[in-house]
Structure formats: structure tokens, C-alpha cells
Protein chains: 2
Amino acid sequence: MRRTKADAEKTRENILATAEQLFLRNGVAHTSLEQVARASGVTRGAVYWHFQNKSHLLDEMLNQVRPRREQLAERLNAPTAGHPLQNLRDLFVELMAGLAGNEQKRNLLTILLLRCEFTDELSDARERHTDFINHFIALSEEQFERGRARLRPGISPRLAARLLHATLIGMLSDRLRDPGLFDTLAEAPAMIDTLFSGLLVDWQIAEQRASA
Amino acid sequence: MRRTKADAEKTRENILATAEQLFLRNGVAHTSLEQVARASGVTRGAVYWHFQNKSHLLDEMLNQVRPRREQLAERLNAPTAGHPLQNLRDLFVELMAGLAGNEQKRNLLTILLLRCEFTDELSDARERHTDFINHFIALSEEQFERGRARLRPGISPRLAARLLHATLIGMLSDRLRDPGLFDTLAEAPAMIDTLFSGLLVDWQIAEQRASA
DNA sequence: TGTTTTACATACCGATTCGCTTGTAAACAA
DNA sequence: TTGTTTACAAGCGAATCGGTATGTAAAACA
């Protein structure tokens with residue numbers, strides 16, 4: 001009872017979705033491909049047919065939502081863009097909002113940050129992750145460089161960029177570990193504006209804050 | 001050839017130190033007690049004699065450096081303490097400095113943040129960790145509450161506390177993933193002061209910053 | 001001095017683990 | 001209609017896992 005091409009694609013996507021749930025619940029290392037197969041209603045044969053091994057499976061899961069490198073740069077340097085710093089701020093809020101509104105993104109980031117051991121076995125995923133982070137920091141640094149005049153004295157663009165990234169990661173990390181901790185969507189703007197107020201001498205808080 | 005009590009204690013500590021290295025290098029789940037035993041020059045018998053299982057082994061590793069709950073509170077509310085906010089700021093810098101100067105603390109935090117899947121198996125460690133985080137946030141919130149008048153309008157003590165914690169975790173996370181990313185010890189004060197400048201209306205930067 | 005306890009090593013257990021090979025029925029191409 | 005390929009299922013094998021049970025020599029104690 002061999003499946004048609006379309007059926008095979010469904011099988012593949014089903015395996016991905018199932019693995020996502022299992023990885024999220026039990027951790028990557030603690031999930032065997034046998035478990036993935038069973039939960040997907042297939043055997044390991046199917047899993048190994050579609051994916052080389054667990055590492056590649058995870059990698060393709062992440063590829064589903066991983067923003068392409070250029071995407072961030074395009075977004076920041078678009079011709080329609082306003083001030084670089086305002087741009088950077090908006091991107092930050094967008095990233096948080098995108099996460100709040102997309103369960104899959106939330107799941108995958110949770111897996112990356114909390115349910116996954118960055119060991120040699122997963123070196124591919126690990127490298128790409130670090131790479132993306134450094135790219136993000138470099139891009140942010142560029143933006144701060146352009147708005148250098150507005151930086152408080154003693155704060156270099158690089159330091160600003162790293163502080164921005166640390167805050168981003170920290171907020172994500174906290175929020176993913178304890179989803180009830182705060183309302184990301186509502187509070188993210190206040191947090192980023194607060195940070196920018198510290199980084200810049202003349203930051204105007206554009207958005208209305210929830211004052212509680 | 002049974003060992004003396006002192007020898008046994010050495011064995012135990014040796015196992016702990018060896019496991020720390022293996023966990024750090026290969027991740028907790030990817031390290032078997034067999035590997036720990038071999039690398040320690042003993043057999044699994046010894047490991048199981050000293051520790052119930054891997055989870056308890058990890059737990060006792062963390063207990064070596066885990067600050068006690070009261071410790072933070074005492075530190076913040078000491079009679080000799082100055083202004084609550086200055087206190088909080090100094091604590092932050094101290095925590096970062098303690099990490100920069102203590103390899104074991106760095107290792108264990110790296111294991112916790114990057115080499116460990118928070119799954120049911122390790123629920124003990126996980127709970128204690130979350131507990132500690134919430135405690136830290138609550139304490140920070142208290143301090144901000146005391147200095148509430150100095151908070152920028154629209155920023156609640158709770159939001160300030162969470163932003164502070166996010167920044168702390170983010171800085172640690174970044175630094176542990178990529179040790180060359182920045183010089184924690186040197187830049188931590190600048191980062192925290194920047195954040196405080198954003199949180200407070202009148203924050204005076206006390207320390208000299210490395211301006212580069 | 002004799003007995004008990006300690007600090008392990010050794011051995012065994014059933015349960016998984018991954019990776020590979022082989023089987024197979026049906027889809028698809030010629 | 002007849003190969004050929006596809007999309008898996010099923011089975012194999014060696015390794016390894018954690019947990020436990022048992023053996024043992026020497027330390028600790030009475």
C-alpha cells in the first residue's frame with residue numbers, strides 16, 4: 001500500500017509536527033526516533049526514509065521558521081525605512097510580536113533554548129544559531145553606528161548592540177520558561193523603550209504604555 | 001582494598017569534578033554514568049554508591065555553588081546597605097564578577113543554560129532553578145518599590161525587575177555561549193548603568209566606564 | 001580481637017538505542 | 001503492460017543504557 005507523492009509529503013510534515021511536540025515536551029536527547037515514529041503512526045523506517053537522523057530532523061524543523069540572514073538586513077535597510085534606531089526598535093517589537101503570535105516559532109525557540117543540549121552531535125544547528133546571533137549583533141551595531149551621535153557618552157555602538165541582544169534573549173528566555181511571567185506582546189514595547197532611553201540621550205517614547 | 005573515609009570523600013569529589021567536565025563538554029543527557037565512572041577511574045558501582053542517579057548527581061553539583069535563598073535577601077537588606085537601588089546595582093555587578101572569576105560557577109551555569117534539557121527527569125533541578133529566578137525577580141521588585149519615586153513614569157517596579165532579570169540572563173547566556181563575545185567583568189557595570197539610566201529618571205553613573 | 005560496616009568492583013538484568021538491510025506493494029514512467 | 005522506483009514496514013545486530021544484586025577486602029568500631 002504505497003502512498004502517493006502527496007501522501008508522502010503529508011507523512012513527512014506529520015513527522016515534523018509530531019517531533020516538534022515530543023522535543024518540546026521531553027527534550028531532544030530524551031526523545032528517540034522510535035517514539036517519534038510511533039507518535040506519528042509510522043515506523044522508524046519512514047522516519048529514516050525522510051530524514052538522515054535526529055540531528056537532520058531537528059535541523060529541518062528549524063529551517064521551517066529560521067529567518068534568512070538577508071531578511072533582517074533588508075528589513076533594516078529598506079529604502080522606505082525611517083531613522084535607523086527607530087527601525088531597530090520596531091524590528092525588536094516585531095520579533096517579539098511574531099513570537100507571541102506564532103506557536104510554532106515559540107515551540108522551536110523553546111526547543112532551542114530550553115530543550116536541547118548544544119553538543120557536537122548538533123553542531124550544525126549550533127553553528128547556524130551562533131552565526132545568526134552574531135549577525136544580529138553586527139546589524140544592530142551598524143544601526144547604532146549610524147545614530148552614534150545620539151548614544152550616551154561612554155556607550156559604544158558595539159556595547160549598545162550587545163546589550164540590546166542580551167535583553168532580547170533574556171526576555172525570550174524568561175518568557176519561554178514561564179509563559180505566565182508576563183505578557184510579551186503588551187510589555188515588549190515598554191521594555192525596549194526603557195532600554196533605548198538608557199542607551200540614547202534623546203529617546204522619545206512613541207507608544208502608549210500599559211501603566212501597571 | 002577498601003578506602004578510608006577521607007579517600008572516599010576524595011573519590012566523591014573526583015566524580016563530581018569529572019562529571020562537571022563531561023556534562024559541560026557533551027551535555028547532561030549525552031553523558032552516561034558509565035562514562036563518568038571510567039573518566040573518574042572508578043566503576044559505576046562507585047558512582048551509584050555516592051549518588052542515587054544522574055539527576056541527584058547533577059543536583060549535588062549545583063548545590064556546590066547555588067546561593068542560598070536568604071543570602072540574596074540578606075545581601076540586599078543588610079543594615080549597612082545604602083540606597084536600595086544602588087544596592088541592587090552593586091549586587092548585579094557582583095554576580096557578574098563572581099562568575100567571571102570562578103570557573104566552576106561558569107561551568108555549572110553553562111551546563112544549566114546550554115547543556116541541559118529541562119525535562120521531567122531533572123524536574124528537581126528545574127524547579128529549584130525556576131524558584132530561584134522568581135525569588136530574584138521578587139527581591140528586585142521590592143527594591144524598585146522602595147525607590148519607586150525614581151522610576152520613570154509608566155514603568156512599574158515589576159516591569160523594572162523583569163527587565164533587569166532578562167538583561168542579566170541575556171548577558172550571561174551570550175557570554176557563556178561565546179566567551180570571547182565580551183569582557184564581562186569590564187563591561188558589566190556599563191551595561192547595568194545603562195539599563196538603570198533607562199529605568200530611572202535620575203540615575204548617576206558612579207563608576208568610570210571603559211570608553212571603547 | 002572479632003564483628004560490623006563501608007566503599008567500592010563485578011556481574012547481571014531487561015529495555016532501548018541507532019543504523020542498516022531486506023522485504024513489499026503500490027505508484028509511476030515507458 | 002511491464003519494468004523501475006518509491007515509500008515505507010519489518011527485522012536484525014551490536015552496543016549501551018540505568019538499576020540492582022552480589023561479592024569482597026579492608027576500615028572502623030566495640
Side-chain angles (χ1 to χ4, degrees), chain A residues 1-19 22-23 25-61 115-117 119-125, chain B residues 1-20 22-23 25-61 111 115-126:
Chain A
M1 46 190 80
R2 180 195 160 204
R3 307 302 171 136
T4 178
K5 249 187 173 181
D7 281 342
E9 182 56 26
K10 275 181 63 178
T11 300
R12 185 191 132 95
E13 283 170 15
N14 189 25
I15 291 174
L16 280 172
T18 306
L22 290 179
F23 286 175
R25 187 164 20 210
N26 304 325
V28 177
H30 292 85
T31 303
S32 70
L33 293 187
E34 170 71 23
Q35 290 170 6
V36 172
R38 283 183 114 80
S40 303
V42 294
T43 65
R44 267 171 54 245
V47 177
Y48 273 100
W49 171 257
H50 286 286
F51 309 96
Q52 276 189 41
N53 50 39
K54 198 200 284 184
S55 172
H56 281 73
L57 170 58
L58 176 65
D59 215 45
E60 303 223 17
M61 266 181 50
R115 304 282 193 275
C116 161
E117 297 179 355
T119 168
D120 289 346
E121 192 194 29
L122 274 55
S123 58
D124 291 357
Chain B
M1 46 190 81
R2 182 197 158 201
R3 308 300 171 138
T4 178
K5 250 187 172 179
D7 283 340
E9 182 56 27
K10 275 180 63 178
T11 299
R12 186 191 132 95
E13 283 169 15
N14 189 27
I15 291 174
L16 280 172
T18 306
E20 179 184 318
L22 290 178
F23 287 174
R25 186 163 23 210
N26 305 325
V28 176
H30 292 85
T31 303
S32 70
L33 293 187
E34 171 71 24
Q35 291 170 1
V36 171
R38 284 181 114 80
S40 303
V42 295
T43 65
R44 265 172 54 246
V47 177
Y48 273 99
W49 171 257
H50 286 286
F51 309 96
Q52 277 189 42
N53 50 39
K54 199 200 282 184
S55 172
H56 281 73
L57 170 59
L58 176 64
D59 216 46
E60 301 223 19
M61 266 180 52
I111 290 171
R115 304 284 192 277
C116 163
E117 296 179 357
F118 281 105
T119 168
D120 289 345
E121 192 194 32
L122 273 54
S123 58
D124 291 358
R126 173 189 164 75

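Labels below follow one simple rule: chain letters A, B, ... track the order of the sequence lines, proteins then strands, and each chain is numbered from 1.
Partners of H50(B) according to the side chain to side chain donor-acceptor pair (under 3.5 Å) rule, which considers only residues two or more places apart in sequence or in another chain, do not exist here. Remark: F118(B) pairs with H129(B) by the ring pair (Phe, Tyr, Trp, His ring centres under 6.0 Å) rule, at least two apart or across chains. For the side chain to side chain donor-acceptor pair (under 3.5 Å) test, no residue two or more places apart in sequence or in another chain qualifies with D7(B). Shown here are the side chain to side chain donor-acceptor pair (under 3.5 Å) partners of D59(A), two or more places apart in sequence or in another chain: R128(A). Not a single side chain to side chain contact (heavy atoms under 4.5 Å, CB included) links T43(B) to another residue, sequence neighbours left out. With sequence neighbours left out, the salt bridge (Lys or Arg N to Asp or Glu O under 4.0 Å) criterion links E13(B) to no other residue. S40(A) pairs by the side chain to side chain contact (heavy atoms under 4.5 Å, CB included) definition with N14(A), I15(A), T18(A), V36(A), V42(A), not counting sequence neighbours. When the side chain to side chain contact (heavy atoms under 4.5 Å, CB included) test is applied to S32(B), the partners found at least two apart in sequence or on another chain are E34(B), Q35(B).
One atom, CH2 of W49(B), and another, C1' of dT10(C), lie 16 Å apart when rounded to the nearest Å. Summarising the geometry, the separation between CG on L57(A) and C1' on dG19(C) is reported as 15 Å, rounded to the nearest angstrom.
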Across nucleotides 10-24 of chain D, 5' to 3', mark each nucleotide with B, S or - according to how protein heavy atoms within less than 4.0 Å reach it. S------SBBB----
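The pair R25(B)-E20(B) does not count as a salt bridge, with every side-chain nitrogen at least 4.0 angstrom from each carboxylate oxygen. Ion pairing between E60(B) and R12(B) holds under the 4.0 Å rule for side-chain N and carboxylate O.
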Atom pairs, protein N/O to nucleotides 28-30 of chain C N/O, distance under 3.5 Å:
from	atom 1	to	atom 2	distance (Å)
dC28(C)	OP1	T4(A)	OG1	2.9

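Comparing the local axis fitted to the first five base pairs of the helix from dT1(C)-dA30(D) to dA30(C)-dT1(D) with the one fitted to its last five gives a bend of 10°, rounded to 10°.
Minimum interatomic distance between M61(B) and I111(B) (heavy atoms only, all atoms of both residues): CE-CD1, 3.8 Å.
The backbone N or O of K5(A) sits nowhere less than 3.5 Å from a side-chain atom of K10(A) that would complete a donor-acceptor pair.
Taking 4.5 Å as the limit, some side-chain heavy atom of L57(B) sits within range of a side-chain heavy atom of L16(B).
Dashed line: the shortest gap from a side-chain N or O of H50(A) to OP1 or OP2 of dC8(D) is under 4.0 Å.
Of the residues in residues 8-18 of chain A, none has a non-hydrogen atom less than 4.0 angstrom from any atom of DNA chain C.
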